[in-house]
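Right, one structure below, let's go through it.
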Amino acid sequence: MVKVLILTVTAGNAHDACAAGMKRELEKKGNCTVKIINLMDICPNRLNAWYSTGGYRFAVGKVPAFYDAFYKMYEKRSPYARYSIPSQGTILSVIPRFLKEILKFKPDVVYSTQFYGSVLITDLKLIYDLPFKSVTSTLDYAICPFWEAGVGVDYFNIPNEDFIDDCIYKGYKKEQLLPLGVPVDGRTLEKTDKKAVRENLGLDGNVFTVAVMFGGGLWQGGYKNFKQLVKALKGRKAQIIMINGRDEKSFKKINRLEFPEGIKVLNLRYTEDVPLYLSAADAVVNKAGGASVTEIVNLGIPMLVTEKLIMQEKYNLAYMKKKGVALSFKNAKTLKQNILKLMDDFDARREMSENTVALRKDAAGELAHFILSQPEADYSAFEDKVDLTTAKKQVKQALKRADKKEKKTGKNQ
C-alpha cells in the first residue's frame, strides 16, 4: 500500500483542483492511501498565510501591474539566489507542523502542486536525508520565478520537452525532469459526440456553440467579456455556455439579462463537470491559466484568449499561439473579429483542433503511475534524527550557509 501526501497552496483554484484530481487518479489506480494538506493551513503566522493566498488573489485581481512588475524583477534574478527568495520565511514557519505530519503519516511519496512544497523539501534536505520520494508539477507553460528554489526535489514534472533548457538554467538536472504534461481532469481526454452532448444539455446539436470560462473572473472581467461576446454574435444564431465558477455576482447579473434573437445562453454556477460543458463547444473564450488551457487542448477545441493577463498567463498564451491552437483578443473589436472567424471558417477551426493533437497528454494518469511505482520509504533512521523543537532553527541556519555558498558560486560563473 503506497502512501502519498499531496501538498497544495490556494493561490487561485488550479493548485487545489490539481491536488484533488491527482488524489482521484491515484485512488482510481488503487493500492494507495492519499492525504492532501494545504500548507497555509499549517502555517502558524496567519498574516503570512494570507499573503500567499488572499494576498496573491488581491494582487492579480486589483493591482496586476504591481504583480507583473514583481514577477519581472524576480525573473531577472540569478538562480544562485535560490535560498533567499521572499517566501522563505513563510516556508520555514511550517516546518515543525509539516515534520510532525510526516512522522505521523509516513508517506512514501510527497507530491506538490505548487512551488512552496518544492522549496520546503529542498530546505529540509539541507539537514535531513528524507526517506520519501518527492515529486512536483508546474501548472504553467513557463518556468516561473522561484522554481529555482525547489531544485532539491527528486522529480520535477513539466509540460513537455520544450521546457528542459529553462529548468537546467534554473539549476535542475536533466534526470530530475519528467516531461509528462500539466495534470488535469482525465475526462478531458475522453471522446464525446458533440451533438449528443449539446442535446443532453438542452441545446441545439447543430448550432455553433461557444463556452466562456474565466476562472471566477478576477481582473480579466468574465462578465464584461461575456457581454462583448453576446454583442459580437448579435444577428447570428449561436449558443453560449457561460461557466461562472464561484463568481456568483456574474452569474446573477447574467440571469437578469435579455439576449438578442437567435442567441441562447446556458448560465452556470460552479460545476465539477467543466469537461462535459467544454466538450459541447466549437470554441472557448477564456483566460490563459495553465490548467485551463491544458483542459481545452486535451478536448481539441480552439480557444480565443483575452490579452488582459498576468505574466505567467501571458507566457501560456504565447506558447499556445506559437503551437497554433489559440487566437487572442485585446478589445471588443478583436473579440468580434476572431469569434466570427472561428464561427465562419470551419477549416481554420479544424486546423487549430488538429494542432492540439501534438500537445495532448494523459499527464494525470502517467504521473499517478509514476508516483505509485516509487519504493516504500524506510523511516527508522529519520525518526531518530528529527527534533521538532529545533528543526526550524537548524534549517534557517543551513539556509544562510547555503545562500552564501550559492551566491559565491554564482559570482564565479
Side-chain angles (χ1 to χ4, degrees), residues 4-9 15 37 39 42-43 52 74 77-99 101-103 106-139 143-158 163-180 367 370-371 374-375 377-379 381-382 385-386 391-410 413:
V4 182
L5 180 63
I6 298 178
L7 307 180
T8 186
V9 174
H15 303 290
I37 290 180
L39 285 175
I42 61 171
C43 178
S52 302
Y74 279 97
R77 200 173 188 229
S78 168
Y80 291 99
R82 70 184 82 254
Y83 292 113
S84 55
I85 66 169
S87 308
Q88 284 289 9
T90 301
I91 293 166
L92 279 169
S93 72
V94 307
I95 283 176
R97 293 184 184 180
F98 175 72
L99 287 174
E101 184 61 43
I102 289 293
L103 292 172
K106 293 183 172 63
D108 300 299
V109 180
V110 174
Y111 172 67
S112 179
T113 69
Q114 201 256 9
F115 77 87
Y116 273 30
S118 303
V119 179
L120 175 60
I121 300 301
T122 301
D123 290 354
L124 288 171
K125 280 191 172 182
L126 293 174
I127 64 169
Y128 296 122
D129 183 12
L130 299 178
F132 54 81
K133 292 294 183 182
S134 52
V135 185
T136 192
S137 291
T138 176
L139 304 185
I143 309 303
C144 302
F146 308 143
W147 276 113
E148 66 273 11
V151 295
V153 293
D154 294 302
Y155 301 103
F156 184 24
N157 178 44
I158 57 177
F163 299 91
I164 288 176
D165 288 346
D166 290 342
C167 292
I168 290 174
Y169 169 75
K170 291 277 188 178
Y172 292 87
K173 296 180 175 64
K174 194 169 184 178
E175 54 267 28
Q176 289 177 275
L177 304 177
L178 301 174
L180 300 180
L367 187 57
F370 180 82
I371 287 171
Q374 298 306 302
D378 180 1
Y379 278 81
F382 182 69
K385 292 180 180 178
V386 174
K392 176 183 172 182
K393 183 178 180 180
Q394 287 179 285
V395 173
K396 188 175 182 179
Q397 292 171 342
L399 273 173
K400 289 181 179 179
R401 294 191 297 270
D403 185 47
K404 185 177 180 180
K405 182 179 178 180
E406 279 289 290
K407 288 176 178 176
K408 183 177 180 181
T409 301
Q413 295 299 308

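- Not a single side chain to side chain contact (heavy atoms under 4.5 Å, CB included) links D165 to another residue, sequence neighbours left out.
- Rounded to the nearest 0.5 Å, atoms CG (L7) and CG (L39) are 5.0 Å apart.
- The distance from the SG atom of C43 to the CZ atom of R97 is 8.0 Å, given to the nearest 0.5 Å.
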Inset, instruction - Please step through side chain to side chain contact (heavy atoms under 4.5 Å, CB included) for the pair S134 and K125, ending with a clear verdict. - result: CA-CA 11 Å; S134 52; K125 280 191 172 182; 4.3 Å; yes
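- Applying the side chain to side chain contact (heavy atoms under 4.5 Å, CB included) rule to Q114 yields the partners V9, H15, Y116; only residues at least two apart in sequence or on another chain are considered.
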Inset, instruction - List the steps, then state whether side chain to side chain contact (heavy atoms under 4.5 Å, CB included) holds for I42 with E101. - result: CA-CA 10 Å; I42 61 171; E101 184 61 43; 6.0 Å; no
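- Every residue meeting the side chain to side chain contact (heavy atoms under 4.5 Å, CB included) condition with Q374, not counting sequence neighbours, appears here in chain and number order: V109, K133, Y155, F370.
- Across all their heavy atoms, Q176 and V151 have their closest contact at NE2-O, 2.8 Å.
- With sequence neighbours left out, the ring-ring contact (aromatic ring centres under 6.0 Å, His included) criterion links Y128 to F382.
- T136 pairs by the side chain to side chain contact (heavy atoms under 4.5 Å, CB included) definition with S112, S118, W147, V153, F156, not counting sequence neighbours.
- Contact check on D378 versus K106 returns no salt bridge, with no Lys/Arg side-chain nitrogen under 4.0 Å from an Asp/Glu carboxylate oxygen.
- The two residues L5 and I102 have their closest heavy-atom pair at CD2-CD1, 3.8 Å.
- Of the possible polar contacts, none joining the D166 side chain to the I143 backbone as a donor-acceptor pair under 3.5 Å is found.
- Side chains of C144 and F115 form no contact here, defined as non-hydrogen atoms less than 4.5 Å apart.
- In this structure, T8 and I37 have side chains that are not in contact, with every pair of non-hydrogen atoms separated by 4.5 Å or more.
- Distance alone, capped at 3.5 Å, is enough to place a donor-acceptor pair between the D108 side chain and the A377 backbone.
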Legend entry - Full working for side chain to side chain contact (heavy atoms under 4.5 Å, CB included) between S137 and L367: CA-CA 10 Å; S137 291; L367 187 57; 3.6 Å; yes
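- Two residues are said to be in side-chain contact when any heavy atoms from C-beta on lie closer than 4.5 Å; S84 and K404 fail this criterion.
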List the atom pairs, with distances to 0.1 Å, where a side-chain N or O of residues 391-399 and a protein N or O form a donor-acceptor pair under 3.5 Å, not counting sequence neighbours.
| unit_1 | atom_1 | unit_2 | atom_2 | d |
| --- | --- | --- | --- | --- |
| Q394 | OE1 | T390 | OG1 | 3.3 |

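- Between D403 and the choices K405, K400, K407, the salt bridge (charged side-chain N to carboxylate O under 4.0 Å, His left out) rule is met once, by K407.
- In this structure, the side chains of I121 and D154 stay at 4.5 Å or more apart for every pair of heavy atoms.
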Inset, instruction - List the steps and the verdict of side chain to side chain contact (heavy atoms under 4.5 Å, CB included) for L126 and Y83. - result: CA-CA 11 Å; L126 293 174; Y83 292 113; 3.9 Å; yes
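- Contact check on R82 versus E148 returns no salt bridge, with no Lys/Arg side-chain nitrogen under 4.0 Å from an Asp/Glu carboxylate oxygen.
- Annotation: side chain of V94 is in contact with side chain of L120 (closest heavy-atom distance under 4.5 Å).
- What you find for P107 and F132 is that their closest heavy atoms are O-CB, 3.4 Å.
- Taking 4.5 Å as the limit, some side-chain heavy atom of F98 sits within range of a side-chain heavy atom of L124.
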